[in-house]
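Below is one structure, written out as structure tokens, with a few remarks after it.
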Amino acid sequence: MIDPRLLRDDPDLIRAAQAKRGLSASVVDEALAADEARRAAIADFERLRAEQKQLGKLIPRAQGDEKAALLEQTKTLAAQVKAAESAQGAAEDVWNAAIRAIPNPAADDAPAGGEDDYVVLETVGTPRDFASEGFEPRDHVELGKILGAIDLERGAKVSGSRFYFLTGVGAELEFALVNLAMEQAREAGFTQVIAPSLVKPRAMEGTGFLDQAADDVYRIEGEEMYLVGTSEVAMAAYHSDEILDGASLPRRYAAFSPCFRKEAGSHGKDTKGIIRVHWFDKVEMFVYTTLEDAEAEHERLLGWEKEFLDKLELAYRVIDTAAGDLGPSAKRKFDCEAWIPTQGKYRELTSTSNCTDFQARRLDIRGRFPSAGSGQAPEQRQPEVRPVATLNGTLTAIPRTIVAILETHQQPDGSVRVPKALQKWLGREVLEPVAAATGLGG
RNA sequence: GGAGGUGUCGCCUAGUCCGGUCUAUGGCGCCCGCCUGCUAAGCGGGUUGAGGGCAAACCCCUCUCGCGGGUUCAAAUCCCGCCACCUCCGCCA
């Protein structure tokens, strides 16, 4: 949710922001009208209610005819109050729907336009040149099979398309990656978290995932519960309805959880392998900080993502996502895309978003800060309560990370060199092909 | 899943039976001031959050006693539903 004051004070700013995302500005006018109607309804109700309370006070002390007259008077007033109250409630509902329909304005630095209008900020490392090494790289599906690491056939048999089993070194790879990620997170001062992946509607709504991504969200039949597509959802709602001590910020969490996505709009895309799946595990960084610090924290999150990719010795680039491709909550988003040799292109491995106070307003997460109190003597300053900023960033999304590692570090015989940083957690330097294939029907 | 209990402004707590100066009591903590060689103690005051009126504020008003309805002129208090926690039983990893 954007700051209502911003909408009221500078609607043209919001109109321009809508245009930058390629969206209509009509919601702005709807929201402004709703705001006016709402305030009128509030004034109506409060005037009647105050009158009712005044009269109500006289009743216990009144006697006889006087009392009867008062009761008669307040009876009709009570009906008016009731009507005004429900009118106010209706006006609030309209207002809430209107203001929530407006996404977070993109940062000035974010490129305008849609999915293809990203800007490449940086390219790190060089894609490995298999041609000059004299062999054709195998894709991760084949490598996964050779290594006994990924079982797609049985995934499909048991759970359907876009499911898989990680087996043997595949499973070990996940644990190693999680350990490596958590080690880095701990060293950077993050609190490690295992987060629930089943949440109530409030959490989903609050993080903006029921807006345009609603089709991608799994709902639990017969229950008011959703499966999260990222632990960002649980971690944002973690402090919902709380007022955090400003001195405790930034609060940094590294959360592990399974993630579930219907991938409704991506039929036919990435149908092979484990690039795009309905379920995967992920370690997500989630930060609560001040609005003033959010932009700098965003850079730090990007830094930690790059550090992790560096440890995996991958070639990647960083892109600045265009406004139209941001989620509704995000003001700015950086994606780290790793080079996938058999696809001949960079694919998103991690992503970090600065959601400023957008999610915090929806989830009612605030901080208590010493007042800036211009002109006032320090001793007169009351602490003030303001929304905080939330940011998130992937440390590692397991399947895609495995894809990048296998394909990038493969050797002609189908074995895979283990990046140095991962060796400690994997207990070996090379992943060797397993003797016998263990495919379906084999 | 069943039975019983609890939920009050950071924490603890009075109030709920029997509706009306409850504009929610007191303590702890915290903040400001006074007093005092220092500290502690003592004294006085302040201390939920949201929204509206306004350019803003000392100001005024409304809402907020787990949440949502209802009854009533009037609800922390009565009624209904829900949620969370505790105890016991059942089930289970």
Side-chain angles (χ1 to χ4, degrees), chain A residues 1-10 31-96 98-100 194 196-203 205-206 220 222-226 234 237-248 258 357 360-388:
Chain A
M1 194 174 109
I2 63 166
D3 185 352
R5 200 169 304 272
L6 187 64
L7 175 76
R8 211 178 292 164
D9 294 346
D10 198 353
L32 284 171
D35 187 30
E36 213 160 304
R38 160 181 160 268
R39 284 149 75 189
I42 288 172
D44 265 358
F45 165 72
E46 290 187 352
R47 182 174 44 75
L48 288 166
R49 178 68 175 153
E51 193 180 340
Q52 183 189 34
K53 286 178 72 169
Q54 287 302 318
L55 285 178
K57 273 183 192 168
L58 304 176
I59 290 176
R61 279 174 288 181
Q63 296 290 329
D65 287 350
E66 191 191 355
K67 187 161 189 170
L70 276 174
L71 283 177
E72 194 55 40
Q73 202 179 344
T74 50
K75 211 162 204 165
T76 57
L77 194 55
Q80 292 175 358
V81 168
K82 206 167 191 174
E85 188 172 17
S86 77
Q88 184 195 332
E92 300 265 13
D93 289 347
V94 172
W95 155 251
N96 278 322
I99 187 96
R100 278 163 182 263
I194 312 288
S197 38
L198 217 42
V199 299
K200 299 199 276 191
R202 172 90 192 285
E205 279 162 14
I220 304 299
E223 303 212 27
E224 289 289 297
M225 297 287 274
Y226 296 93
Y238 186 63
H239 285 303
S240 55
D241 297 323
E242 292 183 29
I243 298 175
L244 305 172
D245 179 1
S248 73
D357 55 346
R361 284 183 188 278
R362 286 190 174 195
L363 291 166
D364 203 11
I365 308 160
R366 292 160 292 164
R368 181 174 276 115
F369 303 95
S371 165
S374 54
Q376 278 184 332
E379 63 269 18
Q380 289 179 316
R381 289 176 195 167
Q382 293 296 315
E384 58 183 33
V385 173
R386 296 194 309 265
V388 299

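Lettering of chains follows the sequences in order, A, B, ..., and the numbering in each one begins at 1. The figures that follow rest on heavy atoms only: side chains count, while hydrogens, waters and symmetry mates do not.
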Could you check which nucleotide pairs with B:C59 in any of the strands shown, counting Watson-Crick or G-U wobble with both distances under 3.5 Å?
B:G53

Are A:D9 and A:R5 ion-paired here, with the side-chain N under 4.0 Å from a carboxylate O?
no

Is A:R38 close enough to B:G51 that one of its side-chain N or O atoms is under 4.0 Å from OP1 or OP2 there?
no

How many whole angstroms separate atom CE of A:M225 from atom P of B:C83?
12 Å

Looking only at heavy atoms, which two atoms of A:T76 and A:Q73 are closest? And how far apart?
OG1-O, 2.9 Å

Would you measure the distance from the C1' atom in B:C63 across to the matching atom in B:C58 and give it in whole Å?
23 Å

Expressed as a whole number of Å, how far does the C1' atom of B:G66 sit from that of B:U8?
10 Å

For B:C28, what is the paired nucleotide under Watson-Crick or G-U wobble rules, both distances under 3.5 Å?
B:G10

In whole angstrom, give me the gap between the C1' atoms of B:C65 and B:U13.
13 Å

Separation of B:A50 P from A:R386 CZ (nearest whole Å)
12 Å

Over all heavy atoms of both residues, which pair between A:A31 and A:L7 is shortest? Give the atoms and the distance, please.
CB-CD2, 3.6 Å

Given A:L244, which of A:R368, A:R366, A:H239 fulfils the side-chain contact (heavy atoms from CB on, under 4.5 Å) condition?
A:H239

Which residue lies toward the 5' end of RNA chain B, A:E92 or A:K200, if each is placed at its nearest nucleotide?
A:E92

Rounded to whole angstroms, how far apart are CD1 on A:I42 and C1' on B:A50?
11 Å

Using a cut-off of less than 4.0 Å, is there contact between a side-chain N or O of A:R39 and OP1 or OP2 of B:G53?
yes

With sequence neighbours left out, what residues match A:D10 under side chain to side chain donor-acceptor pair (under 3.5 Å)?
none

Identified pairing partner of B:C78, criterion: Watson-Crick or G-U wobble below 3.5 Å:
B:G70

Nearest-Å distance once atom C1' is located in both B:G1 and B:C12
35 Å

Can you find a side chain N or O atom of A:R368 that sits less than 4.0 Å from OP1 or OP2 on B:C31?
no

Can you tell me how far the CZ atom of A:R8 sits from the CD1 atom of A:I99, to the nearest 0.5 Å?
9.0 Å

Between B:G70 and B:A76, how far apart are the two P atoms, rounded to whole Å?
15 Å

Does the side chain of A:R47 get closer than 4.0 angstrom to OP1 or OP2 of B:G52 through an N or O atom?
no

In B/S/- notation (B base, S sugar-phosphate only, - none; protein heavy atoms under 4.0 Å), nucleotides 62-81 of chain B written 5' to 3' is BS-------S-BS-------

Rounded to whole angstrom units, what separation is found between the CG atom of A:D245 and the C1' atom of B:G29?
14 Å

Quick one: label A:R361 by what it contacts on the DNA or RNA (base, sugar-phosphate, nothing), any heavy atom closer than 4.0 Å.
nothing

Gap in Å between the two C1' atoms, one belonging to B:C60 and one to B:G69, rounded:
31 Å

Shortest non-hydrogen contact from A:A34 to A:V94?
CB-CG1, 3.9 Å

With rounding to the closest Å, how many angstrom separate the P atoms on B:A40 and B:C30?
10 Å

To check you understand the geometry: which heavy-atom pair defines the closest contact between A:R362 and A:R100, and what is its length?
NH2-O, 3.1 Å

Considering every strand shown, what is the Watson-Crick or G-U wobble mate of B:U87 when both distances are under 3.5 Å?
B:A3

What is the base-pairing partner of B:U36, counting Watson-Crick and G-U wobble geometry with both distances under 3.5 Å?
none

Would you measure the distance from the P atom in B:G29 across to the matching atom in B:G15 and give it in whole Å?
24 Å

